[in-house]
Amino acid sequence: MLAELAALEDPKIRAVNEKHGDDHGVNLGQLRAVAKRLKTQQDLARQLWATGDTAARLLATLICRPKAFERDELDAMIRAADTPKVHDWLVNYVVKKSPHAEKLRVAWLADPEPVVASAGWALTTERVAKRPEELDLDGLLDVIEAEMKDAPDRLQWAMNHCLAQIGISHPGYRARAVEIGERLEVLKDYPTPPNCTSPFAPVWIAEMVRRQG
């Protein structure tokens, strides 16, 4: 399997990915085609993950059975997910579908390791959008207001996404979310391609609300 993935390696794709901290050169469309052929194979997914190879780990997230992982196993995996794409796919394709997602969300949100905490914020953003019941939105905004400005990059990005999602999904909190974003100015100058929405929370919130309207 590793030989097949190595054969898909493209130096140009690797060069682009390495600028974003991802050490692989596999076209993700081709990777998804391999996953489609393999279908769900939990044992193979575990073997691929254990290699530590980034492309193999990405494939593992596509062919695994998310509900088959134990909570401690997922916790160990998030701590070992040392590239942004692997981390992102593990959270979105595996952890979000796990019966342990909520307990992990709460534990990771309070974790001292910034990359682990960013996974907690990603899971929280999902809840803000889809299942906000029993979430303390004021409390989340308090933490974002106090900690986002000086947070490490990936944690800051995840907190900013949560801030924007609160503003987008909850009109009663929109003014405060926008005000926090304007005052902290996190990602205000982030280079944004034409026809893409800026990740600066006040702009992001305004654009998504406009589209919903």
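As the structure is a prediction and not an experimental result, all values here were calculated from the model. Residue numbers run from 1 in the order of the sequence given.
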Among the clusters formed by ILVMFWY side chains lying less than 4.5 Å apart, do [X] and [Y] turn up in the same one?
{"X": "L38", "Y": "W89", "result": "yes"}
{"X": "V143", "Y": "L163", "result": "yes"}
{"X": "I13", "Y": "L8", "result": "no"}
{"X": "L59", "Y": "Y93", "result": "yes"}
{"X": "L123", "Y": "V94", "result": "yes"}

Hey, can you tell me if H170 and Y173 have their rings parallel, tilted or perpendicular (30° and 60° cut-offs)?
perpendicular

Please check if the side chain of [X] supplies one atom and the backbone of [Y] the other of a donor-acceptor pair under 3.5 Å.
{"X": "Q165", "Y": "T125", "answer": "no"}
{"X": "R174", "Y": "I166", "answer": "no"}
{"X": "Q42", "Y": "C64", "answer": "no"}
{"X": "D22", "Y": "K85", "answer": "yes"}
{"X": "N160", "Y": "P199", "answer": "yes"}

Which atoms form the tightest heavy-atom contact between [X] and [Y], and what is the distance?
{"X": "P84", "Y": "H20", "answer": "CG-O, 3.4 Å"}
{"X": "A56", "Y": "T51", "answer": "CB-OG1, 3.5 Å"}
{"X": "A60", "Y": "A45", "answer": "CB-O, 3.3 Å"}
{"X": "R154", "Y": "A81", "answer": "NH2-O, 4.2 Å"}
{"X": "A117", "Y": "L109", "answer": "CB-O, 4.4 Å"}
{"X": "I144", "Y": "M159", "answer": "CD1-O, 3.8 Å"}

Does either side chain, that of T197 or that of R211, offer a donor lying less than 3.5 Å from an acceptor on the other one?
yes

Would you sort out whether W204 and Y190 count as a ring-ring contact (aromatic ring centres under 6.0 Å, His included), showing the intermediate values?
CA-CA 12 Å; W204 190 354; Y190 191 83; over 10 Å; no

Answer yes or no: is there a side-chain heavy-atom contact under 4.5 Å between [X] and [Y]?
{"X": "H100", "Y": "V95", "result": "no"}
{"X": "I63", "Y": "K39", "result": "no"}
{"X": "L31", "Y": "L5", "result": "yes"}
{"X": "F69", "Y": "M77", "result": "yes"}
{"X": "R131", "Y": "E126", "result": "no"}
{"X": "D82", "Y": "V115", "result": "no"}
{"X": "M148", "Y": "L155", "result": "no"}
{"X": "S98", "Y": "L74", "result": "yes"}

Step by step, would you call L48 with R57 a side-chain contact (heavy atoms from CB on, under 4.5 Å)?
CA-CA 6 Å; L48 288 167; R57 285 184 161 181; over 6 Å; no

Less than 4.0 Å between a side-chain N and a carboxylate O, is that true for [Y] and [X]?
{"X": "K149", "Y": "E185", "answer": "no"}
{"X": "E134", "Y": "R127", "answer": "no"}
{"X": "D138", "Y": "R176", "answer": "yes"}
{"X": "R46", "Y": "E73", "answer": "yes"}

Looking at residues at least two apart in the chain, or sitting in another chain, which of them share a salt bridge (Lys or Arg N to Asp or Glu O under 4.0 Å) with D75?
R79

Residue D142 excluded, over 12 heavy atoms near CG under 6.0 Å
yes

Would you give the length of the straight line joining atom [atom1] of [X] to atom [atom2] of [Y], rounded to the nearest 0.5 angstrom?
{"X": "W49", "Y": "T61", "atom1": "CH2", "atom2": "OG1", "value": "7.5 Å"}
{"X": "N92", "Y": "H87", "atom1": "CG", "atom2": "NE2", "value": "10.0 Å"}
{"X": "W108", "Y": "T124", "atom1": "CH2", "atom2": "OG1", "value": "11.0 Å"}
{"X": "M1", "Y": "D53", "atom1": "CE", "atom2": "CG", "value": "11.0 Å"}
{"X": "L58", "Y": "R32", "atom1": "CG", "atom2": "CZ", "value": "9.0 Å"}
{"X": "E113", "Y": "I78", "atom1": "CD", "atom2": "CD1", "value": "11.0 Å"}

Criterion side-chain contact (heavy atoms from CB on, under 4.5 Å) on V186 and W157, from CA distance to verdict:
CA-CA 9 Å; V186 167; W157 190 275; over 6 Å; no

Hey, mind stepping through K67 and K97 against side-chain contact (heavy atoms from CB on, under 4.5 Å) and telling me if it holds?
CA-CA 7 Å; K67 293 178 181 175; K97 299 175 184 176; 5.6 Å; no

Quick one: do D10 and N27 satisfy side-chain contact (heavy atoms from CB on, under 4.5 Å)? Show the steps, please.
CA-CA 7 Å; D10 181 330; N27 177 292; over 6 Å; no

